[in-house]
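Values in this document were obtained by computation on a predicted structure and should not be read as measured data. Just so it is clear: chains get the letters A, B, ... in the order the sequence lines come, proteins before strands, and each one is counted from 1.
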Amino acid sequence: MLDFSFLDLDEYDLFGAFWMTVQLTVASAIGSLIWGTVLAAMRVSPVPVMRAFGTLYINIVRNIPLTIVIVACAQVLAFRLEITLGAGPDIDDRNFRLAVLGLVAYTSTFVCEALRSGINTVPVGQAEAARALGLNFTQVLRLVVLPQAYRSVVAPLANVLIALTKNTTVAMAIGVAEAAFLMNEMIENEARPLEIGVLFAAGFILLTLPSGLLLGRLARKLAVKR
Amino acid sequence: MRLRKASVLAAPLLALALTATACGGGGGDEGDGDGITIGIKFDQPGIGLRDANSEFSGFDVDVATYIAGELGYEPGQITWEEAPSADRENMLRRGDVDMIVASYSITPERAEQVAFAGPYFLAHQDLLISSDAETPTEESIGDLTLCSVGGSTSAQRMEDEYGANLQNFQTYSECLDGIVGGSLDALTTDDAILAGYAAQDEYAGELTLAGLNLSDEYYGVGLPLDSDRVDAVNEAITRMVDDGSWDRFVEENFGSSGYEPEPAPAIGSAPTTE
């Protein structure tokens, strides 16, 4: 029933497209981990303005469809405001950076909320003891609370990573040549949506399944037994 | 899976029953009773467009209505379905639509998947530029920043053959702001589609066609691979051209944009083998 004879790897750079997906995922994962941690720190900070900003940011960005976030990066940032993130005249490079920006802005909200639930699992006595030792807020967070929080949220963060991997397909909306972009191109040329769909679904499972399994094991190993 | 098997069994039975009733009805035209479902574009002004009141307009809509009329269906019996480019083959294979008239270029790969009647129209790939801009030549395309729909044949040709700097979006409309604003030089796809955008009220006088013939796109009527209607549709298209309806449809849909398409192509003139 399925006939893959149309598949010509010289004509279609399948591995290049999935490599772009991996690059998008890795760059956005690192970015969202950093920005998500900053947001989580804001949300638990003693400064009301920071708490308010964190809450506002998360509740707005989390509820905007990712397609709109990413298309807005191109239409508003690049076209209207001419912000190119230092990419120069190369459109592909610019779009990649804009897509990573959009993915980070969006995914970091989920990282932040996962991390905040992790912070809640750290017994309040830990922070109180740290404060009694004379550590300030940043030190309490950096040395005592966050290390324990991270260890308990590896599994939820793995879910965020898997979602992020699949969300990178939205970057197609502004023309980043990742897997879903090639998929559309192949369907247009070969008129075989079923086979091509199966092919790309398998590609994504190959990407997400090992990372899910690996992080699942890591989560069990790292979890703080209480 | 059980449901699947049941429907597989049911389909030929249903088909048999339908044929039987058709015969019992005293023969005559196929088109009696139930109506016909036609796939068109919903978002291409001048070609196939659904407006805010769910009214359909465009060249493809007029052509499809004429062909359906020749097959024995009143305009009221037509159900319009949106046929996005990537879904067209599947919609025909699944039987969601009886035919597709949606700026559907006849290509050898597609001709393996679906049956084509026609062509009924010959379009060329072209550039839509700002009216203030200098008209580009084929040689200068490589220096332009172009915009198109990701994965489309036109977008791929620009990258592969002209090495143009290409911004891809999901729809053509997303490109227009960039062109009017100056951050993009041109939108590229078939001239018939571009003409529709140039004629839109909100961009009146701001956009113009460059007039480059970069490719030949033969628009055909897509039918299921095993369809027995190809000849009937071909006859309908021939009649449409002969009785002047074709010229009228062109005038009504493209007249205001200043776009003058090629004369109607001969039936079977599109290349269906490589």
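Atom CG of residue Leu184(B) and atom CD1 of residue Ile91(A) lie 6.5 Å apart, to the nearest 0.5 angstrom. Residue Asn165(B) holds its CG atom at 7.0 Å from CG of Asp92(A), rounded to the nearest 0.5 Å. The distance from the CG atom of Leu194(A) to the CZ atom of Arg94(B) is 10.0 Å, given to the nearest 0.5 Å. Annotation: the span from Gln75(A) atom CD to Glu174(B) atom CD amounts to 5.5 Å, rounded to 0.5 Å. Interatomic distance, Glu89(B) CD to Glu190(A) CD, rounded to the nearest 0.5 Å: 10.5 Å.
Residue contact with chain A, scored on non-hydrogen atoms closer than 4.5 Å, involves the backbone and the side chain of Thr153(B) alike. When heavy atoms are compared at a cutoff of 4.5 Å, Gln156(B) approaches chain A solely by way of its side chain, counted from C-beta outward. Looking at Gln170(B), both its backbone and its side chain come within 4.5 Å of chain A, counting heavy atoms on both sides.
The contact list for residues 19-40 of chain A toward chain B, using heavy atoms and a distance under 4.5 Å, is empty. Interface with chain B: from residues 94-108 of chain A, residues Arg94(A), Asn95(A) qualify, criterion being any non-hydrogen pair under 4.5 Å. Using a 4.5 Å cut-off between non-hydrogen atoms, the part of residues 175-182 of chain A that approaches chain B consists of Gly175(A), Phe181(A).
For Phe169(B) against Ala173(A), the heavy-atom pair with the smallest separation is CD2-O, 3.2 Å.
Residue-environment remark: CZ (Arg217(A)) stays at or below the threshold of 12 foreign heavy atoms within 6.0 Å. With a 6.0 Å radius and a threshold of 12 heavy atoms from other residues, nucleotides or ligands, Phe15(A) has its CZ atom at or below the threshold.
No other option in Thr171(B), Leu166(B), Val149(B) has as many heavy-atom pairs under 4.5 Å with chain A as Leu166(B). Between chain A and the options Gly181(B), Ala155(B), Ser152(B), the largest number of non-hydrogen pairs under 4.5 Å is found for Ser152(B).
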Only distances under 3.5 Å count here; give the side-chain donor-acceptor pairs of residues 114-121 of chain B to other protein atoms, sequence neighbours excluded, each with its distance to 0.1 Å.
{"from": "Tyr120(B)", "atom 1": "OH", "to": "Asp60(B)", "atom 2": "OD1", "distance (Å)": "2.6"}

